[in-house]
Amino acid sequence: MDGKSDPLMLGTPELLSMYRDMVRIREFEEACPQLYSQGKIGGFLHLYSGQEAVGVGVAHAIHPDDYLISAYREHGLAIAKKVPVQAVMAELFGKATGVSRGKGGSMHMFDAERRFMGGYGIVGGHLPLAVGLGYSILYRGGDEVVVCLFGDGATNQGVFHEAMNMAALYRVPVVFICENNMYGIGTSVARASAVEELYKKSCAYETPGLRVDGMDVLAVYQAVHQAVQKARNGEGPTYIEARTYRYRGHSISDPGTYRSEQEKKIWKDRDPIPALAAYLLREEHTSQKELTAIDEEERKIIQEAIAFAEESPDPDPEELWTDVYAP
Amino acid sequence: MPEITCREALNQALHEEMERDETVFVLGEDVGLYEGSFKVTKGLLAKFGDKRVIDTPISEAGIVGMACGAAMTGLRPIVELMTINFSIVALDQIMNHAAVARYMFGGQVAVPLTIRTPGGAGHQLGAQHSHSLEALFLHCPGLRVIVPSVPADAKGLLKSAIRSQDPVMFIEHEGLYAVKGEVPAGEYTIPLGRADIKREGRDLTLVTLSRMVYVCLEAAEELAKEGIEVEVLDLRALNPLDMKAVLDSVRKTRRAVTVEESWLTGGWGGEIAARIMEEAFDDLDAPVLRVGGADVPMPYNKALEKAAIPDAAQVAARVRELF
């Protein structure tokens, strides 16, 4: 089944906030390649452009004290979870002011205060962690939920199945969200997964699986919102496949030549940001002038974040040895 | 002091820590209803219920990952992995997740996770249930590696491991569960990373741990008859490593042999030997020698298995080379 947009639950401020968050993520990500080519950002850099509707739809469907845990394409998710954009940029620069104090980098952002429980670089490796976060909520009798995001590639890892099984067994409040951007690095889903309709993969675990249009932020919001409600009510995990597309290659070093121009065009024509803008204008939630003002404000915020990262200090050399063990 | 087995000592530690701290819980394959394949978790399910004593599916990576996630929110999970060979199935979760999370996330998160697992050979279990892999975990920063030998140490160290804010590999020897020893009555802990002299001597230090402590004590008895007084230093932990105790002993005896059950190549004995030579070369009267297991997958046949593990005669022979 496909999730459907249900705008009735959202007011204008929330809708505009979604728009703003998507623009912020896009501006952030599109500023990165140049900074990378200037040598200011190192390592691997997995950009989120094209997938904004998923992260923003998810983040708006949960509470601030709900947990979010994800894989390595996570700058956008951190920003959606309200991790300060300056700290996210500073982390890419490896600075002491970075969200992981310069020790994590692009793939390993973490913000304990905002319950952004990390980006992880081992495909699928964080899925059992999400089960543990969920078990901890049950253990303490809390009413928070965990949303766990991962790519299509993770569904072919053994731990995906272990985590699904254990999540269902213990009825943990976890919503698993597969961001199916159609490629695990350069290998298409069709060439990597015996089951192409990835939402069906949870059926072995009696866990509801559903597919949602990952280019439609309202559809994502609604599907996640429902799954989160169920989890909060003690009805256990849900597995959502959000079909989306990354505009760039797997990482900064990947030109993405394995994908046709025609394929890219089909997806870019469905870009989630103009799609939401068109909806907001059509339903008279806003004016073009207001949207343009948001665009400009966000561009400025990103420029300020870059300046903040530039001016921030590197970690003290002593930091090499801190936090290996408990003090 | 009452004499109890290692198994009972470990069991007492689990009961006491679960009573003391509600955030402590146990999970693993057959730890509940079955009470553990070595019965170390006996009585826990009956006393603490299935929220705190979780029988898991056979999913080692899932178990350790789940425990790691729970630990990241402040709970204190104790995982039992049925044998240390199965820890390799969960190695990604141990090394790529639990061990590095604190550092990788800039100190924002602790992983107070204890992984208990039986290791070692001696029961004809073959190459997939018998190995001693402590050196593997010693190699990874961020992990604590605890390897007790006697019941009193097992209890005190397990309690400290559970209270530690770091992930701990707590490696028990299958051959020691039934070994008895005096255990103090009442509450006590032993700090992680403090070696213990199990026999004093003036002529040579045997640096060892786990079941090899008993082998070394037997060798020391033999050597004493020949007038060689050997000191047996039980490391009790490889991380934190009590190098001070090793150096203090070696500076007294001026000779050292490391004795480990595991594969000699790449084993922890080489690490200790190198450090002694780096830090106390001038105090040595002889080179540091090593004794270790044969570099072979553990064989099933009883005689071959015995030949793959160091015994007292082998240790004594190695010691005699230095006099």
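Quick note on labels: first sequence line is chain A, next is B, and so on, each numbered from 1.
Judged by distance alone, with hydrogens and angles left aside, the side-chain atoms of B:Gln108 form a donor-acceptor pair with the main-chain N or O of A:Val99 at under 3.5 Å. Judged by distance alone, the side chain of B:Asp166 and the main-chain N or O of A:Ala326 form a donor-acceptor pair under 3.5 Å. Side-chain atoms of B:Tyr103 do not come within 3.5 Å of backbone N or O of A:Trp321 as any donor-acceptor pair.
The shortest distance between side-chain heavy atoms of B:Met104 and A:Phe110 does not fall below 4.5 Å. Residues B:Met72 and A:Tyr67 have side chains not in contact (no heavy-atom distance under 4.5 Å, counting atoms from C-beta outward). With a 4.5 Å cut-off on side-chain heavy atoms, A:Ile122 and B:His97 count as touching. Side-chain contact check for A:Tyr170 versus B:Ile54: some heavy-atom pair is nearer than 4.5 Å. Counting heavy atoms from C-beta outward, A:Glu162 and B:Ile63 have side chains that stay 4.5 Å or more apart. A heavy-atom distance below 4.5 Å is found between the side chains of B:Arg52 and A:Tyr139. At a threshold of 4.5 Å between non-hydrogen side-chain atoms, the residues A:His108 and B:Val100 do not count as touching.
More than 12 heavy-atom neighbours from other residues, nucleotides or ligands sit within 6.0 angstrom of CD on A:Gln229. Within 6.0 Å of atom OH in B:Tyr188, more than 12 heavy atoms from other residues, nucleotides or ligands are found, so the atom counts as buried in its surroundings. Atom CZ of B:Arg194 sits in a sparse spot, with 12 or fewer heavy atoms from other residues, nucleotides or ligands closer than 6.0 Å. Within 6.0 Å of the NZ atom in B:Lys47, the count of heavy atoms belonging to other residues, nucleotides or ligands exceeds 12. For B:Gln128, the CD atom is loosely surrounded, since the number of other residues' heavy atoms within 6.0 Å does not exceed 12. Atom CD of A:Glu318 has 12 or fewer neighbouring heavy atoms from other residues, nucleotides or ligands inside a 6.0 Å radius. Within a 6.0 Å radius of CG in B:Asp50, no more than 12 heavy atoms belonging to other residues, nucleotides or ligands are found. More than 12 heavy atoms of other residues, nucleotides or ligands sit less than 6.0 Å from atom CZ of A:Phe308.
Neither the backbone nor the side chain of A:Arg115 comes within less than 4.5 Å of any heavy atom in chain B. For A:Tyr120, the part lying under 4.5 angstrom from a heavy atom of chain B is the side chain only. Contact of A:Met117 with chain B is made through backbone and side chain together, with heavy-atom distances under 4.5 Å. With a 4.5 Å cut-off on non-hydrogen atoms, B:Ala110 does not touch chain A at all. Proximity to chain A (any heavy atom under 4.5 Å) is restricted, for B:Thr23, to the backbone atoms N, CA, C and O. Proximity to chain B (any heavy atom under 4.5 Å) is shown, for A:Glu91, by neither the backbone nor the side chain. Contacts between B:Asn239 and chain A at a heavy-atom distance below 4.5 Å involve the side chain alone, from C-beta outward. With a threshold of 4.5 angstrom between heavy atoms, A:Ala163 does not approach chain B through any atom at all.
Atoms CG and CD1, from A:Asn165 and B:Ile58 in turn, are 11.5 Å apart once rounded to the nearest 0.5 Å. Rounded to the nearest 0.5 angstrom, B:Asp92 CG and A:Gln157 CD are separated by 8.0 Å.
Contacts with chain A were tallied for B:Arg144, B:Arg102, B:Gln93; B:Arg102 has the most, counting heavy-atom pairs under 4.5 Å. Heavy-atom pairs under 4.5 Å with chain B peak, among A:His161, A:Lys103, A:Arg101, at A:Lys103. For chain B, the option among A:Gly125, A:Gly104, A:Pro327, A:Ala130 with the highest count of heavy-atom pairs below 4.5 Å is A:Gly125.
Here the closest non-hydrogen pair linking A:Val324 and B:Pro141 is CG1-CB, 4.0 Å. In plain terms, the two heavy atoms of B:Pro57 and A:Leu169 that are nearest each other are CG-CD1, 3.7 Å. What you find for A:Leu133 and B:Gly69 is that their closest heavy atoms are CD2-O, 3.3 Å. Taking all atoms of both residues into account, the shortest heavy-atom contact from A:Pro128 to B:Gly62 is CB-O, 3.9 Å.
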Item to complete: Report the C-alpha separation of B:Lys51 and A:Leu138 in whole Å, then their side-chain angles, then the decisive distance to 0.1 Å, and conclude whether the side-chain contact (heavy atoms from CB on, under 4.5 Å) test is met.
Response: CA-CA 9 Å; B:Lys51 187 180 94 174; A:Leu138 293 181; over 6 Å; no

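Taking the six-membered ring for Trp, B:Phe105 and A:Phe116 have ring centres at least 6.0 Å apart.
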